[in-house]
Amino acid sequence: MCGIVGYIGKRDAYPVILNGLKRLEYRGYDSAGIALYDGSTIQLCKTKGKVADLEKKVSEEMATKGNLGIGHTRWATHGIPNDINSHPHFSNSGDLVIIHNGIIENYASIKKELINRGYTFYSDTDTEVLVNLIEDIKKNENVKLGKAVQIALNQVVGAYAIALFDKNKPDEIVVAKLGSPLAIGIGTDEFFVASDASPFIEFTNNAIYLEDEEMAIIRLVREIKIRKVKDDSIVAPYIQELQLNIEQIEKGGYDHFMLKEIYEQPSVIKDTYRGRLLADKGIIRLGGLEDYIEKFINADRIIIVACGTSWHAGLVAEYIFEDWARIPVEVEYASEFRYRNPVITEKDVVIAISQSGETADTLAAIKLAKEKGAFVYGICNVVGSTISRATHSGTYTHAGPEIGVASTKAFTTQITVLTMIALKLAKIKGTISQTDYMVHLRELELIPTKVESALSKNDAIEKIALLFKDATNFLYLGRGYNFPVALEGALKLKEISYIHAEGYPAAEMKHGPIALIDEHMPIVVIAINSNHYEKVVSNIQEIKSRKGKIIAVVTEGDTVVRELADYIMEVPYTPETLSPLVTTIPLQLLSYHIALMLNRNVDQPRNLAKAVTVE
Ligand code: AGP
């Protein structure tokens, strides 16, 4: 997830773009850059670091005049954060310059073709490939920039929000959108382009939000024209009058980053498997894994080290890996692992899971594992983070920046990556049938839609939250793949509402916690259709006989638990292996609403930090 800004019009472009980038930093902040047309050529400056670093570098290196320009603040997906991988990117001729938010999945094959045609590449990015593809088409087809963009975008697979211009035609900006957001601000004698309206809302509240596979050639001298990328047909522009303030725009219109990130899960789960999961072809392709498959296949065991929510994702992975890839898995709190003098050999594979990529205990566990000869694989959300650089290889989740301290979309995207790894290994080892393999791949592709469905129950969940917001203790119970989800649900409630909550394997209740149950105790039970359903139903009956208040997560259409529970939160049917990706949704929403009703600081709960970089 990156932030893009463009401007063409009566003002100096630089201050508009720079301030716009500052407003978009929540979308990505590992590097930034700006390109300005100064009346004869393109001035470009870019740097690793934040927008403030860019501002300093511009003040030292670049003239800032001109009323046409584009700027970018990056959240790396291809190519680590450094100066050369930052946007904007020039085409080989230096005539074109582009910024891009998204992922071009087939960039490698296009890059190879362009190299054969004599193009040179300086960065590792998919974006530099796109701008040179556009240049190649513009030259060889002898067409204008807009037409070249339209042809090029019909050759790429992936997601994009792009803005680019040609120094030989400095009266226009060309933009296009698929999968990533792009808004056009309509001013008087000026146009703005951005990932959302925050960079231009102070200048105009008239905006056009491009739809997927739409593009626009923005010229000052005429009305804006929206076209379909597919066939170049004209689309009537729909100009909206925005009533949002800047803070609301940054949160995508949601009241909190946490809620925005909960609702981003369908799209970021899709972004995480995009280009990696080709279900129809039965292919899972993970760049960081391909060269190390043998390490996993021949491993004596996999040790997963992580903290907090990432540790819960590891627990889910234990079920998936052992169930399907038949590889022994141990899941360890990184903080315990690093100090208990563990037995580790070269035959061990360690998977380190971390959203921030900066958690001190997890980093220390990685160092210990490497010292003892283990192969260490990272699953991080921040490209170029310390943990991602400390591991031998890894796979990034494409969740985009997670601003809310309570981890939500990181959890589901981590599980998405772990599931793809486990299924790939199972296929190679032959421990999963072709049928089961293909079913799981297709079901994984359906997860975003199922998460959408679970999110649609928000209002009913909010009503339940109102009934239990004053409880002082909660129990969360689950079995099998959903035992870790019970732990995660309890953690979410604890950390943002400050209500004590415990997660337990449902069967463990009889070994102590059942003594806690009375009419004041709400118990959240994950009771979806699964191999454990009958046993969970009997657990619910045990709770009921002790007057516990039961809030059950059930599969849509359930008729049995519906009669036993006091309240239900429905999710669509999902095979148990993938069910944590869906059952966690109502638990996230329940904790969010309870915390809100208690007037907690949902995005920055007391005593917590987003990245625990100290012991
Ligand atoms: C989860 O909601 C918490 N914010 C916390 O437990 C977090 O998961 C933990 O600190 C690990 O962080 P990491 O994934 O960035 O390593």
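Note that ligands are numbered from 1 as they come in the structure, with each ligand's atoms numbered from 1 the same way. Note that this is a predicted model, so its numbers are computed, not measured. All residue numbers in this chain count up from 1 along the given sequence.
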* To do: Could you tell me whether Tyr567 and Phe468 have their ring centroids closer than 6.0 angstrom?
  => yes
* Contact check, Ala406 vs ligand 1, heavy-atom distance below 4.0 Å -> yes
* Asked: If you draw the axis of the six-membered ring of Tyr498, does the NZ or CZ of Arg606 fall within 45° of it and under 6.0 Å from the ring centre?
  -> yes
* Whether His312 and Phe411 hold their rings parallel, tilted or perpendicular, with breakpoints at 30° and 60° -> perpendicular
* Among protein heavy atoms, which lies nearest atom 6 (O) of ligand 1, and at what distance? -> Gly308 CA, 3.2 Å
* Per-atom contacts of ligand 1 with Ser407, taking only distances under 4.0 Å to non-hydrogen atoms -> 1 (C), 2 (O)
* Please find out if less than 6.0 Å separates the ring center of His256 from that of Tyr592. => yes
* Reference residue Thr73; test side chain to side chain contact (heavy atoms under 4.5 Å, CB included); the match among Ile99, Ile4, Leu54, Leu24 -> Leu24
* Find all atoms of ligand 1 within a distance of less than 4.0 Å from any non-hydrogen atom belonging to Ser310, and give their numbers and elements. => 8 (O), 13 (P), 14 (O)
* Distance flag, aromatic centroids of Phe375 and His392, threshold under 6.0 Å -> yes
* Candidates Glu322, Glu332, Glu318, Glu330 - the one meeting salt bridge (Lys or Arg N to Asp or Glu O under 4.0 Å) with Arg301 -> Glu330
* Picking from Leu289, Thr416, Val417, Ile284, what satisfies side chain to side chain contact (heavy atoms under 4.5 Å, CB included) with Arg276? -> Val417
* When the ring centroid of Phe483 is compared with that of Tyr504, is the distance short of 6.0 Å? -> no
* Asked: Is there a nitrogen or oxygen of Ser354 sitting under 3.5 Å from a nitrogen or oxygen of ligand 1?
  -> yes
* Asked: Tell me: protein heavy atom nearest atom 10 (O) of ligand 1, and distance?
  -> Val612 CG2, 3.9 Å
* To do: Report, in ascending order of atom number, the atoms of ligand 1 lying under 4.0 Å from any heavy atom of Thr309.
  => 1 (C), 2 (O), 6 (O), 8 (O)
* Taking heavy atoms and a distance under 4.0 Å, where does Glu358 meet ligand 1: side chain, backbone, both or neither? -> neither
* To do: Distance to 0.1 Å, residue and atom name: give those for the protein heavy atom nearest to atom 4 (N) of ligand 1.
  => Val405 O, 2.7 Å
* To do: May I ask you to identify the nearest protein heavy atom to atom 16 (O) of ligand 1, giving residue, atom name and distance to one decimal place in Å?
  => Thr359 OG1, 2.5 Å
* Structure fact -> In this structure, atom 11 (C) of ligand 1 is nearest to the protein heavy atom Cys307 O, 3.4 Å
* Asked: Could an N or O of ligand 1 be found under 3.5 Å from any N or O of Thr362, whether backbone or side chain?
  -> no
* Shortest protein heavy-atom distance from atom 3 (C) of ligand 1, along with the residue and atom involved -> Glu495 OE1, 3.4 Å
* **Proximal atoms of ligand 1 relative to Lys492 (non-hydrogen, under 4.0 Å)** => 1 (C), 2 (O)
